[in-house]
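For reference, the structure discussed in these notes is given below.
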Protein chains: 2
Amino acid sequence: MSESRTQDLSDSSAEARKPVRSGKSSATIYDIAKLAGVNPSTVSRALSKPGRVSAKTQKLIEDAAAQLEYRVNPFARALPTGRTNTLALIVADITNPTFFGIIRGAESTATARDYTLMLAESAESADTELTAARRMLATVDGLILASPRMDDNHIRELAREKPVVVINRQVDGVPSVVPDVNKGIGEAVRNLAANGHRKVAYVAGPPQSWMTARRWEGVKAACEWSHLECVQLPSPKPTVDGGRQVARDVVASGATAVMTYNDLLAIGLMQELQAAGMQVPDRISIVGFDDIFGADFTTPALTTIRSPMTACGTEAATLLMEVLHGAEEVSPALQVETELVLRGSSGRLLVADHPA
Amino acid sequence: MSESRTQDLSDSSAEARKPVRSGKSSATIYDIAKLAGVNPSTVSRALSKPGRVSAKTQKLIEDAAAQLEYRVNPFARALPTGRTNTLALIVADITNPTFFGIIRGAESTATARDYTLMLAESAESADTELTAARRMLATVDGLILASPRMDDNHIRELAREKPVVVINRQVDGVPSVVPDVNKGIGEAVRNLAANGHRKVAYVAGPPQSWMTARRWEGVKAACEWSHLECVQLPSPKPTVDGGRQVARDVVASGATAVMTYNDLLAIGLMQELQAAGMQVPDRISIVGFDDIFGADFTTPALTTIRSPMTACGTEAATLLMEVLHGAEEVSPALQVETELVLRGSSGRLLVADHPA
DNA sequence: TTGTATGCGTTATCAG
DNA sequence: CTGATAACGCATACAA
């Protein structure tokens, strides 16, 4: 093995090459092979799977790589292997803070394991979602679907091509991360009952949302258990504005406590109710869902059932990468706990329903 | 050159192949070339640049492609061309709602032009940021840096490799999108002066933030113009909690109005001040910056200088893609307007500084 | 207009 | 342990 570790020729022909690649594009394994005096395939081995090459050539190659500021070309690597070290995350609505936690959790977890996150949103549209999913699927190793709006079959179809993890929904045969709503809902309903409420309204989310059904089921069951009457109210959209619009129906329902599909609805509802002169929580109690950013900015601060979104993002990314790294045994549905966050928007009813 | 690129040979006899590719991996241009009876290069042309092929073969190829459910392999395409139809966006802090708008704007704009967005955060660290940038740079066509924390030279270094657009900062030689703070600040300060305030405090952001300096300059200039005294106060971090921590200093400063680097600081500050029994805005006026999600959840709702974040994201992505598509003439710094959003947290001073 | 030949940077399969 | 060589799927000068 030639000792001349310097760029300077071993003699062959006096070909004074610049040591550091002067050109524009970056160095390849060929360049470093030449500099280190080995075969390109050896360079590839040394750089991708350490240990399969002798210690001295290893160092030789690493030094040369460092000197040339070598960086792998991800495309060239992806072509034969198909692997990209990239994860895709599709969320239903980027403006919805519910997803901020998920994005954050997924991004940081991915980055920690040297993966990169690709982000897309479906704008609450099943079609857009599917299109985005298909487009990204070609480029990534795996896919995370947060609160997907497309139907189960489409999800399974995607899962057949690349590993998929679903958040906030359960699909047969596809691993998922879902908050267990019952604990938090149970706490909330018991609290409401203890404060003298007899009837609660549930303001629902988008019909395509799997989670809105789970939450309604949970509310209904908990209310039965506590002998409370309950009623479901549709909302035009799961936003602050949607919450405002549904205020009238809430009042008309005669409920003294309202639980909403998410915090946005709760906040909008509270704003509208207060604007109409209704005291919260003296006249009506409001309980949101998720504990989003800003839920404690309101006056009174919003009582809400916290869904650990960041944990969902983290767990989903972890799950996905485990599958990618060959873990076959993956629990079908990972549960994360919800809990009641008691703040000012719920409490004892001051104005009795039936005056004594 | 051997013809048999497929797994099973064509013995030229009636070989009933499934029309749709039964195998696992997806179809290539070779498959569709065979099916359409043309050369792979023709397929490539037909699919990438329509018009450079006769109408009938075009259709022939498109039909075959459809039948085989062909989808280009992005890596194979990227290898010769270097183009990926992918943009990277790096934000300082994913949990900071300031960036939500930017993310949303960039994502939707990119998607609209059939680009995909890759997202990373720097966690307010210049090192992390640079690392993430370098890692992503290899994979994308261009890079958007939102409120970058790294220094100018590093940014220029990145810009030498791939097109870069910067948001919320100006770097020589690098195109950028920056809100023009002066209009909004001017409106705010004049309003404060008109309401009887004589001294305003500016709660600063992270020292590495280019924007915090711009905002302080703007505040100082506007205050001089309106003959107001002004003072700058450092904050430990640009968050709600940071705002709480700086409350003591604000009170000590003797200012009756405070403007903050961002809304988070303003909200935290207001919470702490109110907890200490100070009426807002009767005793002290608070003006935030950005008009983030939730700024109107507080009581009183936050007066703030709106920075059109979504527009910044949109403009940055548009700018970047224009450069990518060969636009040389690109304005060095695109300005977007800021405006005062007057809400309840600022107003007339009820308790005079110097009792009459 | 269409076919031919070659390159893009890595990994992987063989030999040696 | 290392070297040669063939894919990987697509784009593109060049030739016909």
Side-chain angles (χ1 to χ4, degrees), chain A residues 1-2 21 23-62 64-65 68-86 137-139 141, chain B residues 1-7 21 23-62 64-65 68-85 137-139 141:
Chain A
M1 212 149 299
S2 147
R21 233 159 169 280
K24 35 202 326 67
S25 73
S26 63
T28 74
I29 57 172
Y30 283 82
D31 299 313
I32 128 166
K34 197 166 299 176
L35 183 57
V38 298
N39 190 280
S41 64
T42 306
V43 176
S44 174
R45 275 189 289 260
L47 263 27
S48 50
K49 41 195 66 166
R52 299 212 47 73
V53 91
S54 84
K56 55 174 55 173
T57 53
Q58 178 76 32
K59 171 155 175 45
L60 206 58
I61 287 171
E62 281 174 355
L68 293 172
E69 293 180 330
Y70 169 79
R71 285 172 326 205
V72 299
N73 181 323
F75 312 118
R77 171 170 288 179
L79 199 43
T81 63
R83 293 186 58 263
T84 64
N85 266 242
T86 296
L137 212 55
T139 326
D141 292 343
Chain B
M1 194 156 294
S2 142
E3 301 293 355
S4 67
R5 284 201 80 275
T6 57
Q7 56 286 21
R21 231 160 169 280
K24 37 204 322 69
S25 73
S26 62
T28 73
I29 57 172
Y30 284 84
D31 298 313
I32 128 166
K34 198 163 299 175
L35 183 57
V38 299
N39 191 280
S41 65
T42 306
V43 176
S44 174
R45 276 188 288 260
L47 263 29
S48 50
K49 40 193 66 163
R52 300 211 45 73
V53 91
S54 83
K56 52 176 54 175
T57 53
Q58 177 77 31
K59 172 156 176 46
L60 208 58
I61 288 171
E62 281 173 355
L68 294 170
E69 293 180 330
Y70 169 79
R71 286 174 325 209
V72 298
N73 181 322
F75 311 117
R77 171 171 288 181
L79 200 42
T81 62
R83 294 187 57 263
T84 65
N85 264 243
L137 212 57
T139 327
D141 292 343

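Keep in mind that this is a model prediction, so the values were computed, not measured. Protein chains get the first letters and strands the later ones, always in sequence-line order, with residue 1 at the start of each.
- Contacts of A:T81 with the nucleic acid, taken as non-hydrogen atoms under 4.0 Å apart, involve only primed sugar atoms and P, OP1 or OP2.
- Atoms CZ (A:R83) and P (D:dG9) sit 17 Å apart, rounded to a whole Å.
- Remark: C1' of C:dT2 and CG of B:L47 are 15 Å apart, rounded to the nearest angstrom.
- In terms of polar N and O atoms assigned as donor or acceptor, the side chain of B:R71 never comes within less than 3.5 Å of the base of D:dG9 in a complementary pairing.
- Nucleic acid contact for A:S54: sugar-phosphate only, since backbone atoms but no base atoms lie under 4.0 Å from a heavy atom of the residue.
- Regarding B:N39, its CG atom lies at a distance of 13 Å from the C1' atom of D:dA15, rounded to whole Å.
- A:I61 has its side chain within reach of A:L47: a pair of non-hydrogen atoms, C-beta onward, lies under 4.5 Å apart.
- The nearest whole Å value for the distance from the NZ atom in B:K34 to the C1' atom in C:dT2 is 18 Å.
- When each of B:A76 and B:P40 is assigned the nucleotide of DNA chain C bearing its nearest heavy atom, the one mapping closer to the 5' terminus is B:P40.
- In this structure, CG of B:L79 is placed 17 Å from P of D:dA7, rounded to the nearest angstrom.
- Here B:E69 contributes atom CD and B:D31 contributes atom CG; the two are 12.5 Å apart, rounded to the nearest 0.5 Å.
- Nucleotides of DNA chain D nearest to B:Y70 and A:R52 differ in position, and the one nearer the 5' end is that of A:R52.
- Among the protein residues, A:F75 comes within range of no part of the nucleic acid, since none of its heavy atoms lies under 4.0 Å from any strand.
- Within the nucleic acid shown, B:V72 comes within 4.0 Å of sugar-phosphate atoms alone, with no base atom in reach, counting heavy atoms only.
- Distance, A:I32 CD1 to D:dT2 P: 13 Å, rounded to whole Å.
- Considering only heavy atoms from C-beta on, A:Y70 stays 4.5 Å or farther from A:V43 through its side chain.
- Of the candidates C:dT2, D:dG3, D:dC1, C:dT2 carries the atom nearest the B:T57 side chain, counting heavy atoms from C-beta on.
- Minimum heavy-atom separation, A:S48 to A:R77: CB-NH2, 4.3 Å.
- Comparing the helix axis at one end of the helix from C:dT1-D:dA16 to C:dG16-D:dC1 with that at the other, each defined from 5 consecutive pairs, gives an inter-axis angle of 30° (nearest 10°).
- Between the CG atom in B:D141 and the OG1 atom in B:T81 there is a gap of 8.0 Å [rounded to 0.5 Å].
- Here CD of B:E62 is found 9.0 Å from CD1 of B:I32. Values are rounded to the nearest 0.5 Å.
- Side-chain atoms of B:T84 come within 3.5 Å of backbone N or O of B:T139 as a donor-acceptor pair.
- For the pair B:L68 and B:L35, the minimum side-chain heavy-atom distance is below 4.5 Å.
- Phosphate proximity of C:dT11 to A:Y30: absent, as no side-chain N or O sits under 4.0 Å from OP1 or OP2.
- Set against C:dG3, C:dT10, D:dC10, the side chain of B:V38 has C:dG3 as its closest nucleotide.
- As judged by a 4.0 angstrom heavy-atom cut-off over every strand, B:S41 is placed among the base-contacting residues.
- Between the CZ atom of B:R77 and the P atom of D:dC10 there is a distance of 8 Å, rounded to whole Å.
- Of the listed nucleotides (D:dT2, D:dG3, D:dC10), D:dT2 has the atom at the smallest distance from the side chain of A:V53.
- Summarising the geometry, the separation between CD1 on A:I29 and P on C:dG7 is reported as 16 Å, rounded to the nearest angstrom.
- Residue-level contact check: A:K49 touches the backbone only, with heavy atoms under 4.0 Å from sugar-phosphate atoms and none from bases.
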